[in-house]
Amino acid sequence: MLEMTREDFEELVAEALDRIPPELMRLMDNVAVFVEDEPPAGDPELLGLYEGTPLTDRGEWYAGVLPDRITIYRGPTLRMCASREDVVVETEVTVVHEIAHHFGIDDARLHTLGYG
């Protein structure tokens with residue numbers, strides 16, 4: 001397994017977020033991004049997870065709710081990558097993938113776009 005401190009991994013996630021076009025970042029609403037070491041026990045290879053209500057599903061009722069949550073998992077990412085460069089690429093793909101879910105884009109469309 002590739003070694004990388006949590007702080008270094010968090011920095012890569014922050015850098016991936018910085019590469020999201022500003023016009024898209026401005027559209028994101030009520031969402032927080034977290035880094036965790038490991039995913040839930042039932043899905044040990046999960047790289048990222050979006051939990052919340054996509055922007056496309058929010059209606060007039062959407063108010064006073066906790067922020068949506070995007071979690072990027074360090075452990076599985078480091079286990080699947082052979083180099084720091086691989087981690088940079090995989091982290092960016094995962095961040096884009098989870099943000100796309102916030103915008104209501106499903107897995108099938110993401111796979112078609114190369115973010116699967």
Side-chain angles (χ1 to χ4, degrees):
M1 181 169 109
L2 184 67
E3 295 293 323
M4 179 179 290
T5 67
R6 182 175 175 126
E7 292 78 20
D8 286 345
F9 187 80
E10 288 174 349
E11 183 62 31
L12 292 181
V13 171
E15 290 170 6
L17 287 166
D18 288 345
R19 287 190 290 277
I20 302 296
E23 55 273 12
L24 288 180
M25 290 301 285
R26 282 192 293 275
L27 296 173
M28 291 178 64
D29 182 47
N30 199 31
V31 62
V33 179
F34 299 90
V35 170
E36 297 289 342
D37 288 330
E38 294 295 335
D43 202 352
E45 296 180 8
L46 187 66
L47 302 178
L49 180 64
Y50 169 74
E51 300 170 283
T53 304
L55 294 175
T56 53
D57 293 344
R58 295 179 184 180
E60 296 172 9
W61 59 268
Y62 188 85
V65 298
L66 292 173
D68 291 3
R69 180 180 179 105
I70 291 174
T71 307
I72 309 299
Y73 298 107
R74 179 176 157 262
T77 304
L78 296 180
R79 286 191 292 275
M80 73 176 290
C81 293
S83 68
R84 181 179 174 84
E85 293 76 27
D86 291 345
V87 176
V88 169
V89 170
E90 192 57 52
T91 301
E92 185 166 330
V93 167
T94 303
V95 166
V96 169
H97 183 107
E98 301 311 327
I99 287 173
H101 287 317
H102 177 68
F103 283 100
I105 301 171
D106 66 16
D107 281 333
R109 181 69 177 136
L110 286 167
H111 284 279
T112 301
L113 295 171
Y115 290 97

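Values reported hereafter were calculated over all heavy atoms of this structure, with side chains retained and with hydrogens, waters and symmetry mates removed.
Side-chain atoms of H97 and D107 form a donor-acceptor pair, as typed in the model, at a separation below 3.5 Å.
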>> Applying side chain to side chain contact (heavy atoms under 4.5 Å, CB included) to D8 and E11, what does each step give before you reach the verdict?
In response: CA-CA 5 Å; D8 286 345; E11 183 62 31; 5.6 Å; no

>> Before you tell me yes or no, could you show the steps for I20 and I99 under side chain to side chain contact (heavy atoms under 4.5 Å, CB included), namely the whole-Å CA-CA distance, both residues' side-chain angles and the distance that decides it to 0.1 Å?
In response: CA-CA 9 Å; I20 302 296; I99 287 173; 3.9 Å; yes

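Side chains of R84 and L12 form a contact here, defined as non-hydrogen atoms less than 4.5 Å apart. With contacts defined as side-chain heavy-atom distances shorter than 4.5 Å, the pair M80/L47 qualifies. Counting only heavy atoms from C-beta outward, the side chains of N30 and P67 approach each other to under 4.5 Å. For the pair H101 and L110, the minimum side-chain heavy-atom distance is below 4.5 Å.
At a threshold of 4.5 Å between side-chain heavy atoms, the hydrophobic network of Ile, Leu, Val, Met, Phe, Trp and Tyr places L49 and L55 in two separate groups. A continuous path of Ile, Leu, Val, Met, Phe, Trp and Tyr side chains, each step under 4.5 Å between heavy atoms, connects F9 with M1, placing both in one hydrophobic cluster. Side-chain heavy atoms closer than 4.5 Å link hydrophobic residues (I, L, V, M, F, W, Y) into clusters, and following such links, even through other members, never connects M28 to Y62. Residues V35 and V88 share a hydrophobic cluster, clusters being chains of Ile/Leu/Val/Met/Phe/Trp/Tyr side chains in contact below 4.5 Å. In terms of hydrophobic clustering, with Ile, Leu, Val, Met, Phe, Trp and Tyr side chains grouped at heavy-atom distances under 4.5 Å, I72 and F34 are assigned to different clusters.
Scanning both residues, T77 and Y73, for their nearest heavy atoms gives OG1-O, 2.8 Å. The two residues C81 and E90 make their nearest non-hydrogen contact at SG-CB, 3.9 Å. Nearest heavy atoms, P39 versus P44: CG-O, 3.6 Å. Taking every heavy atom of both residues into account, D106 and R109 meet most closely at OD1-N, 2.9 Å. The minimum heavy-atom distance linking T53 with R58 is given by the pair O-NE, 2.8 Å. Between P76 and L46, the shortest heavy-atom contact is CG-O, 3.1 Å.
For the atom pair CD1 of I105 and CG of L113, the computed distance is 7.0 Å after rounding to the nearest 0.5 Å.
The only member of D68, V13, T71 that meets side-chain contact (heavy atoms from CB on, under 4.5 Å) when paired with V33 is V13. R74 pairs in a side-chain hydrogen bond (donor to acceptor under 3.5 Å, both in side chains) with only one of the listed residues (D37, T5, T91), which is D37.
Annotation: E45, atom CD; neighbour count of heavy atoms from other residues, nucleotides and ligands within 6.0 Å does not exceed 12. Other residues, nucleotides and ligands contribute over 12 non-hydrogen atoms within 6.0 Å of the CD atom of E23.
E98 places a side-chain N or O within donor-acceptor distance of the main-chain N or O of Y50, the cut-off being under 3.5 Å.
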